[in-house]
Amino acid sequence: MEYNFSEIEKRWQQYWAKKKTFKALNPDDPEFGKKNFKGKYYVLDMFPYPSGAGLHVGHPLGYIASDIAARYKRLCGYNVLHPMGYDSFGLPAEQYAIQTGQHPAVTTEQNIKRYREQLDKIGFSFDWDREVKTSDPDYYKWTQWIFLKLFNSWYNIEKDKAEPIETLIERFRNQESRFTVDGFEKKWNELNEKEQSDVLMEYRLAYLSEAWVNWCPALGTVLANDEVKDGVSERGGHPVERKRMPQWSLRITSYAERLLKGLDTLDWSESIKEAQRNWIGRSEGTSIQFKIEHSELTIEVFTTRPDTVYGVTFLTLAPENDLVLQIITDEYKAKVEEYIHYAKNRSERERQADVKKITGQFTGAYAIHPFTNEKIPVWVGEYVLAGYGTGAVMGVPAHDTRDYAFAKHFNLPIKKVIQPNDPALANEECFDTYNGQCIHSELINGLEVTEAIKKIIAEIEKRGLGKGKVNYRLRDAIFGRQRYWGEPIPIYYEKGIPKSVDEKDLPVVLPDVDKYLPTESGEPPLARAEKWKYKDRFDYEHTTMPGWAGSSWYFLRYMDPQNEKEFAGKTATGYWQQVDLYIGGSEHATGHLLYFRFWTKFLKDLGYISIDEPAQKLINQGMIQGVSEKVYLPKSISSRFDFASNPNKRLIYFTTGIDAIDSRLTQPIEIYFHEYGSMEVPSDLDNLRQIILISEELINDSNRESVIQVNMDARLFENSKLDLKRFFESEKLLNINNPNANHIYILVNEQGSVIRRLKDESLLPANFEFKSVPEVEKMSKSKRNVITPDTDPENGQPGIIEQYGADCLRMYEMFLGPLEQHKPWNTNGITGVFNFLKKMWRLYHLSPDLSSQSEADSKALKVLHRTIKKITEDIENYSFNTAVSAFMICVNELTDLKCTSKEVLEKLCILISPFAPHLAEELWQNKLGHDGSVAYAGWPKYEEQYLVEDSYEYPVSINGKTRFKIPLSLKLTKEEVEQAVLSAEEIKKYIQGSPKKVIVVPGRIVNVVV
RNA sequence: GCGGGUGUGGCGAAAUUGGCAGACGCACCAGACUUAGGAUCUGGCGCUUAACGGCAUGGGGGUUCGAGUCCCUCCACCCGCACCA
């Protein structure tokens, strides 16, 4: 009987869907009482964004792992919640909408459909009744509701938790608080509505403020810090600049300490926890006030080294610091303004690119040293960040490398105030060690650094100059996006005052607009919806929420997805508690995973849920990388491309630039092409857009500068050689960016040139080979190296699923290596897994009727129980690759034993069902003759008795080197083993006389030392 | 610069507390069967040597009867953060 995987897999996928085999039960479900669950288990995959490219082979890696865990826990008797849904708001759909005019909801729906189709083919045990989509109004109603809760809450530092804003207003009323407005002190009740609103904005956890933001002109929106990488946007790689504008933000900084401390309780990888710790960036220090000479103003600095305060020789302010303009003297005004202008117009990227470059400007002002009363010059410098601390630093060049560099560059004095313990440092001009004593520091002379810090802080506090303080690198999260495809922020404006939409009016539904672009006056797209007003009168807020809003609480919605009255009912949240196993990529370390924790803590503070952390255990599956194929294009205008290494070859001149298959070069430019040789140049060539591709072997150091490297579709290549057949036939793979373009491709290699338009392979030089440079990198559409698990919709090539089946895909992805490790995709080993599945199938078909077979023999039972033990341990440790090996060993051995025992085969079938569920279900029901699904068959128990051995082949080492083996009874004592070994025939070769020492480890090894 | 991770055959990788290095699979080699195939089965397969043996877990050193595993030191690669005072 053939192993017909496609028929088997289709059958059981339909069966599971029809029977709702994987439905998870809430406690209020009538069925719940009938089950005798061992407990609950919540397995969650990170929320996927349904991109237009569909799933590639890397996506399922984590899903397969979580599915194995889910199926295993079900077999162990747990009520398993294993849901899936879509984080369906986001930039790519909107970018596509801008280009095509199609509503993002439409493309999103199409993408979701494709995702679902692909997910279904892999046989996951998701409870699809719980599917959620963040762009669904029934869902984002609750995202908006949580936003309102954030807006209407403040952080009570004394209680260390968030509270409703009313408790704050109550305090303001009762406590005789005074508020300074336009220079007048007023009581709360004396403030007008606008003034009250402004005061409360300083406290609300979701607030509107004038802030320095990461503005991305290409995307037309601001971005949160975690959405910017190396000065460019994470999505799309567009430049980002700093801009000051009114912005909605979330006061995540109030939770900094709790987010930091909570990490210690989590079973997450050290690298993710460390990334979050760095991102939060806690540092202890103190603030110190410096008076400005001839002025009422003071400059407050933050420092972690107050012990070096006597070493201060200058102060530096950030260019954005408002104080700068207030303190500059007339003499320096022009220069400082010029400098500020310069600094402001530098993009983040430029700024980061040359951090080594030192820039700054003296302001003309002087501060007074609070301890020595010396005059200290005040500078402004780019190296001081506006957003951290107070935007001002005290310059201690002798003990801070940045201050040192600045002082050196501008010739400022350097004053050493620490005597280091390490003599090697004593002669250095600058060192920042904590090991040493203070010198030249009146109040703290002779003290060790740590002592000095304590004493000087006490002194600073006593004199009212400042106080001990904790600073965080973490900034409040910018929450508004000047984009269309996101949750509307449920705020409206009445007389310029932002107010929350009434809860009963939620959801605020995303309105239709004529274009998905900003208005002419630069307002966000939502401003185009002219009739879109709250209560028909008031303007709504026009920015929308960022992509991470919906994913910050989705794990709660899965617990009770259809609830219309609450985001999730108390019974449901009380039962499911938190995620027991969360699997996803490590790229979310400082974004999603931080917001996810933040919202959970907030909802707990308000008493809506009872847990403090959303996910106890987190596993980051490694990335499956793709192999990109890079080819070369002449760099553009007027490059003369010269194969200098090979003077006999032809020369090609490019007199203008060229269009490229690379999206960065989208302008069509004509080229002229000359060649010495036999090739004919079509007469209409100059009317068409031409792309010249240069083979890898022609590139050398002398011409490398005149070419650029671009990705071609990896599917056109085989082992980094262009497959000419595909190249001639596949228009689609060539012109991803513009399928309608009528390009002419010219391939150039050592043998000459080929124009693709000729479309005739017979015209090719013999053995024409065009080579690319392969590179292993992230699998992504833009790198054109995506491999789909199923049939490729672009070229119709069958995928792994069609060729080998979903069970094979599942087992192969697990077999590839440890879950957490990154690995390039290659299918070289897949036949091994496929052969294994076939062999397993054959094992169950050795006998036509297993039900009448006799008792298992002890050998088969031993194999079985060893496997039960191994698989159970491996699953518990998420070591799925070794589990697959164990199955192979087991099936090989049972096949050798010609095992037809129903008892053994039944248990093996259950064991493998989390890994290869379709095969297992087929064998369970159709071969072993069971009625129900194998999914609830019960996990087999491992029994020690079958594994007990009575003899063992002791490896005998001489001086730690294994020389021979000797079978001995395990009942023997150490002494008896030693005796047996020393009297063995083989040992005579290695020792003369008596050995120095004999080490016997019972049941393991014998080592003889001579 | 700081932090995290990884280094084992031609390749993907195994290896409980330190105890037979390379399980399992791919590729390769030889053979069997054969309706010649991307089927199945048997055997071989780290390097080196004619063989005995010797050498091998990124390099060097150490602890130990015994080290891929523990300690020190250096190197390479990957990832994250980065003028955070």
Any strand: nucleotide that pairs with B/rA30 via Watson-Crick or wobble, under 3.5 Å: B/rU42

Among B/rG19, B/rA85, B/rC26, the one nearest A/N1007 by side-chain distance: B/rG19

For atom CG of A/L819 and atom P of B/rG5, their distance in whole Å: 17 Å

A/T962 side-chain N/O to B/rA21 phosphate OP1/OP2 under 4.0 Å: yes

Side chain to side chain donor-acceptor pair (under 3.5 Å) partner of A/T359, chosen from A/Y383, A/Y342, A/Y339: A/Y339

hbond_proxy A/N828 side chain to B/rC26 base (donor-acceptor, 3.5 Å cutoff): no

Base B/rU16 to side chain A/R1004, donor-acceptor N/O within 3.5 Å cut-off: no

Touch class at under 4.0 angstrom, heavy-atom based, for A/N881 against every strand present: sugar-phosphate

Any strand: nucleotide that pairs with B/rU57 via Watson-Crick or wobble, under 3.5 Å: none

Residue A/L385, side-chain atoms from C-beta onward, closest of B/rC41, B/rA14, B/rA85: B/rA85

A/T304 side chain, from C-beta outward: closest of B/rA13, B/rC24, B/rA85: B/rA85

Heavy-atom donor-acceptor pair, A/Y804 side-chain to B/rG38 base, under 3.5 Å: yes

Nucleotide B/rC79, atom P - distance to CG of A/N620 in whole Å: 16 Å

Pairwise C1' distance, B/rA21 and B/rG68 [rounded to whole Å]: 8 Å

Any strand: nucleotide that pairs with B/rC77 via Watson-Crick or wobble, under 3.5 Å: B/rG5

Aromatic ring pairing A/W379/A/F406, orientation class (parallel under 30°, perpendicular over 60°, tilted between): perpendicular

Protein-nucleotide distance (A/Y383, atom OH; B/rG1, atom P), rounded to Å: 21 Å

Spacing between A/M623 atom CE and B/rG5 atom C1', to the nearest angstrom: 13 Å

Short N-O contact, A/E428 and A/K416, less than 4.0 angstrom: no

Closest to the A/Y952 side chain, choosing from B/rU40, B/rC20, B/rC81: B/rC20

Shortest side-chain distance from A/I889, nucleotide among B/rC24, B/rC20, B/rG80: B/rC24

Minimum-distance nucleotide (side-chain atoms of A/V1001 versus B/rC20, B/rA85, B/rG19): B/rG19

B/rU16: pairing nucleotide in any strand, Watson-Crick or G-U under 3.5 angstrom: none

